[in-house]
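Have a look at the structure below before the remarks.
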Amino acid sequence: MTEQRPEGIEKYDHPAGGWDALKAVAKTLAHQQIVAQGTMTLLKANQPEGFDCPGCAWPDPKHTSSFEFCENGAKAITWESTAKRSGPEFFAQHTVSELWQWTDHKLEDAGRLTLPLHYKAESDRYEPIAWDDAFRLIAQELNKLGDPDMAEFYTSGRASNEAAFLYQLFVRAFGTNNFPDCSNMCHEATSVGLPKSIGVGKGTVTLEDFDHADAIFSFGHNPGTNHPRMMTTLHNAAKRGVPIVVFNPLKERALERFAAPQDPIEMATLSSTPIASAYYQLRTGGDLAALKGIMKAVFQMDAESLDAGGAGALDRAFIEQHTSGLDVLRSDIDATSWDTICSVSGLTREALESAARVYVNASNVIICYGMGITQHAKGTSNVQQIANLLLLRGNMGRQGAGIAPIRGHSNVQGDRTVGITEIPNKALLDGMERAFGFRPSAEKGHNAIEAVEAIIAGKSRALICLGGNLAVAMSDTAATFEGMRKLDLAVHIATKLNRSHLLTARTSLILPCFGRTDLDTQASGPQAVTVEDSMSMVHASRGFLKPPGELVRSEPAIIAGIAKATIGNRHGIDWDWLIADYDRIRDKIEEVFPDFRDFNSRVRVKGGFRLDVAASFRRWNTESGKANFLVATGIEEDPLISNPDALVLTTIRSHDQYNTTIYGMDDRYRGVFGRRDVIFMNRQDLAERGLKDGDRIDIHGIAKDSEGRHLVQGFTAVEYDIPKGSAAGYYPEMNAVVALDRYDRLSGTPSYKGVPITVSAAAV
Ligand SMILES: Nc1nc2c(c(=O)[nH]1)N[C@H]1C(S)=C(S)[C@@H](COP(=O)(O)OP(=O)(O)OC[C@H]3O[C@@H](n4cnc5c(=O)[nH]c(N)nc54)[C@H](O)[C@@H]3O)O[C@H]1N2
Ligand SMILES: Nc1nc2c(c(=O)[nH]1)N[C@H]1C(S)=C(S)[C@@H](COP(=O)(O)OP(=O)(O)OC[C@H]3O[C@@H](n4cnc5c(=O)[nH]c(N)nc54)[C@H](O)[C@@H]3O)O[C@H]1N2
Ligand SMILES: [Mo]
C-alpha cells in the first residue's frame, strides 16, 4: 500500500469505544445545540420511567437503573431531540427542487418538522395545511381508488405497538393487506425461515442467557456501530474467557478490541479487551458454505468420537425427542464437498474445523447474526442453517443457548407482533374478528419489494408511510424514484424531512409526529407507549420533552385522524375514544393477541414482561410438532457473481448513520473521515483491473437493466483488508447499483449484501 492514502483515509489504531466514543457524543450534543437539555435527556434513555432509546432493538439489562453509555444511542436521541426546526419559514424559503440538491444529511439536519404540509406544484413548495384539510384530502384520494389494494401502507420500525396496531386496524378495515415494512428489507429471512425450523420467527434467547453461554458465534453484524450496548455483553463474556467466534468479511474493530466506557480501569489506563477469539474473514455471501463446512466437521467429529467408543458430538437424546429431518440434512452435507465449501466461503477446511471444535467443546452456544446473513439471495437458507447447527447439539431452548437474530429498528419486532404483516395468519384474523366484529381479508398483500414494483408499474396509486424513508432504503434508486413520482397520493408521517418526501406525487403531504422523547398528551392525560425488543421483552416508553411544535401530533392521533376521515365509524370503531387513552388500545391488542394477557398491568411493572416464545421452552409450533432440520440446496455461486470480472458488493452502515439518516461523514473505526464516496476493495482485485488505492472509479451493477441505470460514478477506490472478490460500500448510496429483482425468493429480502458489480476507471 502506498504511504500516501486517499484524502480522508487514515489508519485507526484505537480500540472501539473508549474516549473517542465519549468525544463523539460531546460533539453531537454541541451540533444539535442542546447541551444542557441533551445531557438530561440521555440520562432518561432506557430507564424504567423513561423512554425507549430509538437507536436499536438490543434489550435493556434488567433491574438496572444505572445509565448505560452508548455512543450511537446518544446520537439517535440527540438527533431526535435537537433544538433545530424545519418550520413554515423553512418551507417558504426553499423550493422542493432546491431541497432535492441537498445531501441526505442536510435535509434531516434542518431539524424537526413542526406543522402539516401540502405540496403545491405552482410554487414548487410544501405549504402549511390544517390537519382536518389534510385528513380530508387523504380520505378523498384513498376513497377514489375503487380498489383498496391500489394503496400501499408502509411502516418503519420506530412506530410503537399502539401506533402500529391502530394502523393495521385502519388498513384492514379499509380493506387491504398491503403492508410493506422495513422488516421486509431487514430480518424477513428470520421471520420466514425460523417458523419452519423452530416454530417461531423470533430469537429464543434472553439477555441473561449470555451470562451462561460457553461460546458465542457472531455472523454478519457489527455491534460496535449498530448495537453498541451489545458490546457490554460481549465485553463481559470475553472477560469471562468465553470464546467469541466471528464470521465477517471485514475486520470490524469492535469485534476485535473494545474499551468499555463503563469500565473505569480501561478508561483510565487506555487499555481494552480483545473480543473475538477467532475471526474468520469469509467471502461476502460465503456463509451458507461456511455453515455447511462447520456442520460437516461436526458430523466428522461425531463419527470419530463414536468410533473411539465415545458418546459422539451430537445431542442424540435431544435430536430423538425434539427434531425431525436429521438424515436428510446429513445426506446434503455429505454430498457437499470440501472443495466447494472452501472455494465459496473463501475459508480453509482447517479454519472451519477449528470453529467446529470450539462449537463442540462448548456446552451452551449462542449464535448471533445480522444483516450479513439475512440480506442475501439465500438469506432464509442462511438463517435455517444457523438453526440446524444449533439443533445438532441441542443448543435451543435451554439456558445459555439459542439463536439471536439481532434486530434493527427499536420496535421492528413489536410492529410485526401486533399485526403489521402482509400475510395475516388465522390467529390474527380470528383475533380481529373477536375484538372488532369483522373478519379482515385473508388475501396476501404486498411486501416492500412488491409494493415498489406495483408503484413502478402504476398499479398502486397511493402510498402512506408511517415513518421511514422507503424510496432511499429500497433497491434500484433510479427506478424506485421514478415510480414514486407517478403516484396520485403520497403521505409521510415523519419527524424530519427526508428525500422520500421530495418525490412528490399528484397530492403530497408531510404530517409531523412526535418521536420517542416527546411528551404525548391525549384527552386523558400523558400517555406511554410500548415496544418489544430483540428478545421479546415488552416495556413502556414515556417521552418527557416539550414537543417540537404545538401542531405536532402523536402517531396514533394522526392514524386515527386519517382513519376517521376515510372510513368514519365503519365496523363501529370509535377512533377518538381509542386514542383518548392508550390503555384502551392496549386492551384491544390483548383481545386480538392473547399473548398480551393483562397487558396494562404487566407493562406497568418495571422492566415490562417477556412474550411467550415457545421454542425457548422446547415447544415447537411447527407442522411436525418438532424442530426441523432443513436443507439448503445449491451453495454454488450465482452465475452473475461467477462472471470473472464481477465482484460481490456488500452495502454496509458507517459509524455515523442510522439507516438513511446520515449524522456525519466519518466512519471512525474503518478509518474513513469526512466522506462516504468510497468503495473498499482487495489489493489484488484493484491490481488485476489496472487500478490502485485512491483511483476514481465507476461502479456498475450487473443487472438486467438495459438502460445502464445501475451506476455509481466517480467514487474513490480504497485498498482494504477484505477477501478477494468481495467489495464494500455504504448504504444508501450504493442502492443505485442494486437491481430490484435481486432478492431472496423465499422471504423477499433484497440481497443488499450480495450485489454483483464490475468496476472501471471513472469515465469522467
Ligand atoms: N448506529 C446505528 N445503529 C443501527 C442502525 C444504523 O444504521 N446505525 N441500523 C439499525 C438497523 S435497521 C439494523 S437492521 C441493524 C443492522 O445492524 P448490522 O446487521 O450490524 O448491519 P450492517 O451495517 O448492514 O452490517 C452488517 C455486517 O455484516 C458484515 N457482512 C456483510 N456482508 C456479509 C456476508 O456476506 N457475510 C457475513 N458473515 N457478514 C457480512 C458487514 O461487514 C457488517 O459488519 O442495526 C440497527 N442499529
Ligand atoms: N443497500 C442497503 N439498503 C438497505 C439496507 C442495507 O443494509 N443496505 N438496510 C435495510 C434495512 S435493515 C432497513 S431497516 C431499511 C430502513 O428503512 P427505513 O426504516 O424506511 O429508513 P430510516 O432511514 O430508518 O428512516 C428514517 C426516517 O424516519 C423518520 N422517523 C424517525 N423517527 C421517527 C418516528 O419516531 N416516527 C416517525 N413516524 N418517523 C420517524 C424520519 O423522518 C427519518 O428521516 O433500509 C434497508 N435498506
Ligand atoms: Mo433494519
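Counting begins at 1 with the first residue of the sequence. In each ligand, atom 1 is the first atom listed, and ligand 1 is the first ligand listed. Both backbone and side-chain heavy atoms feed into the values below; hydrogens, waters and symmetry mates do not. Because the structure is a prediction, the values reported are computed rather than measured.
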Legend entry - Protein contact to atom 15 (C) of ligand 2 [nearest heavy atom, distance to 0.1 Å]: Y731 OH, 3.6 Å
Legend entry - Check: G157 N/O within less than 3.5 Å of ligand 2 N/O: no
Inset, instruction - Run the numbers for me: atoms of ligand 2, each under 4.0 Å from some heavy atom of G467, listed by number. - result: 37 (C), 38 (N), 39 (N)
Inset, instruction - Among all protein heavy atoms, pick out the one at the shortest distance from atom 32 (N) of ligand 1; state its residue, atom name and that distance to 0.1 Å. - result: T650 OG1, 3.0 Å
Inset, instruction - Check ligand 1 against N72 and write out every atom of the ligand that is under 4.0 Å from a heavy-atom position of the residue. - result: 1 (N)
Inset, instruction - Considering the heavy atoms of N498, write down every atom of ligand 2 situated less than 4.0 Å from one of them. - result: 27 (C), 42 (O), 43 (C), 44 (O)
Inset, instruction - Only heavy atoms count here, so choose which of H187, R499, E108, R516 is nearest to atom 43 (C) of ligand 2. - result: E108
Legend entry - Under-4.0 Å salt bridge between R416 and E188: yes
Legend entry - Contact (N/O only, under 3.5 Å) between Q657 and ligand 1: yes
Legend entry - Closest protein heavy atom (residue, atom, distance) for atom 34 (C) of ligand 1: G372 O, 3.3 Å
Inset, instruction - Take the angle between the ring planes of F170 and F153 and call it parallel below 30°, perpendicular above 60°, tilted in between. - result: perpendicular
Legend entry - Aromatic contact, Y369 with H187 (centres under 6.0 Å): yes
Legend entry - Nearest option to atom 25 (O) of ligand 1, as decided by whichever heavy atom of T225, L288, N382, N226 sits closest: N226
Legend entry - Protein contact of atom 30 (N) of ligand 2 - nearest heavy atom, named by residue and atom, plus distance: T495 OG1, 3.2 Å
Inset, instruction - Mark up the atoms of ligand 1 that fall under 4.0 Å of a heavy atom belonging to I652, in ascending order. - result: 41 (C)
Legend entry - Numbering as shown, the atoms of ligand 2 that approach I493 to under 4.0 Å (heavy-atom distance): 37 (C), 38 (N), 39 (N)
Legend entry - Close-contact set for ligand 2 against C513 heavy atoms, below 4.0 Å: 36 (N), 37 (C), 38 (N)
Legend entry - Any donor-acceptor N or O pair under 3.5 Å, side chains N659, H409: yes
Inset, instruction - Flag the pair K378 and D287 as a salt bridge only when some basic side-chain nitrogen lies within less than 4.0 angstrom of an acidic carboxylate oxygen. - result: no
Legend entry - Backbone or side-chain N or O of R407 under 3.5 Å from ligand 1 N or O: no
Legend entry - Ionic contact status for R676 with D656, cut-off 4.0 Å: no
Inset, instruction - Give yes if a backbone or side-chain nitrogen or oxygen of S156 is under 3.5 Å from a nitrogen or oxygen of ligand 2, and no if not. - result: yes
Legend entry - Those atoms of ligand 1 less than 4.0 Å from some heavy atom in L282: 38 (N)
Inset, instruction - Give the residue and atom name of whichever protein heavy atom lies nearest to atom 20 (O) of ligand 1, and the separation in Å to one decimal. - result: N222 N, 2.7 Å
Inset, instruction - Counting heavy atoms only, name the option from M185, R112, E188, K496 that's nearest to atom 42 (O) of ligand 2. - result: K496
Inset, instruction - With the side chain counted from C-beta on, respond yes when I77 and C53 share a heavy-atom pair under 4.5 Å apart, and no when they do not. - result: yes
Legend entry - Whether F680 and Y730 hold their rings parallel, tilted or perpendicular, with breakpoints at 30° and 60°: perpendicular
Legend entry - Aromatic ring pairing Y359/F217, orientation class (parallel under 30°, perpendicular over 60°, tilted between): perpendicular
Legend entry - Contact check, H409 vs ligand 2, heavy-atom distance below 4.0 Å: yes
Inset, instruction - State, yes or no, whether a side-chain contact exists between P512 and P116 at a heavy-atom distance under 4.5 Å. - result: yes
Legend entry - Nearest-contact summary for atom 11 (C) of ligand 1 - protein heavy atom, Å: G408 CA, 3.2 Å
Inset, instruction - Going by heavy-atom distance to atom 38 (N) of ligand 2, choose the closest among M371, E733, R158, E555. - result: E555
Inset, instruction - Identify which of N469, V472, L466 has a heavy atom lying nearest to atom 21 (O) of ligand 2. - result: N469
Inset, instruction - Look at ligand 1 and say whether H376 reaches it with a heavy atom at a distance under 4.0 Å. - result: yes
Inset, instruction - For the residue pair Y582 and D520, confirm or rule out a side-chain donor-acceptor distance under 3.5 Å. - result: yes
Inset, instruction - Give the numbers and elements of all ligand 1 atoms closer than 4.0 Å to a heavy atom of G55. - result: 47 (N)
Legend entry - Ligand-side contact atoms (ligand 1) for residue partner L250, heavy atom cut-off under 4.0 Å: 42 (O)
Legend entry - Numbered atoms and elements of ligand 1 in range of C186, under 4.0 angstrom, heavy atoms: 14 (S)
Inset, instruction - Would you mind checking which non-hydrogen protein atom is closest to atom 12 (S) of ligand 1, with the distance to 0.1 Å? - result: N659 ND2, 3.3 Å
Inset, instruction - Show which atoms of ligand 1 fall inside a sub-4.0 Å distance from at least one heavy-atom site of G285. - result: 34 (C), 35 (O)
Inset, instruction - Decide whether an N or O pair under 3.5 Å exists between R670 and ligand 1. - result: no
Inset, instruction - Kindly confirm or rule out an N or O of R283 lying under 3.5 angstrom from an N or O of ligand 1. - result: no
Inset, instruction - Please say which of D109, T82, L107 ends up in a side-chain contact (heavy atoms from CB on, under 4.5 Å) with K496. - result: T82
Legend entry - Pairing of R668 and E252 as salt bridge, 4.0 angstrom limit: no
Inset, instruction - Could you tell me the residue and atom name of the protein heavy atom closest to atom 36 (N) of ligand 1, and the distance to it rounded to 0.1 Å? - result: D287 OD1, 2.7 Å
Legend entry - Residue G370 vicinity, atoms of ligand 1 by number, heavy atom under 4.0 Å: 19 (O)
Inset, instruction - Measure the distance from atom 40 (C) of ligand 1 to every protein heavy atom, then report the residue, atom name and distance (to 0.1 Å) of the closest one. - result: P249 CD, 3.3 Å
Legend entry - Closest protein heavy atom to atom 41 (C) of ligand 1, given as residue, atom name and distance to 0.1 Å: N248 OD1, 3.6 Å
Legend entry - Enumerated ligand 2 atoms positioned under 4.0 Å from heavy atoms of N735: 1 (N), 2 (C), 3 (N)
Inset, instruction - Under 4.0 Å, heavy atoms only, figure out whether ligand 2 is touched by the backbone of T660, its side chain, both or neither. - result: both
Legend entry - Winner among Q281, K753, R653 once heavy atoms are compared against atom 26 (C) of ligand 1: K753
Legend entry - ligand 2 versus M474: contacting region, heavy-atom distance under 4.0 Å: neither
Legend entry - Nearest neighbour of atom 18 (P) of ligand 2 from the list Y154, Y658, F514, on a heavy-atom basis: Y154
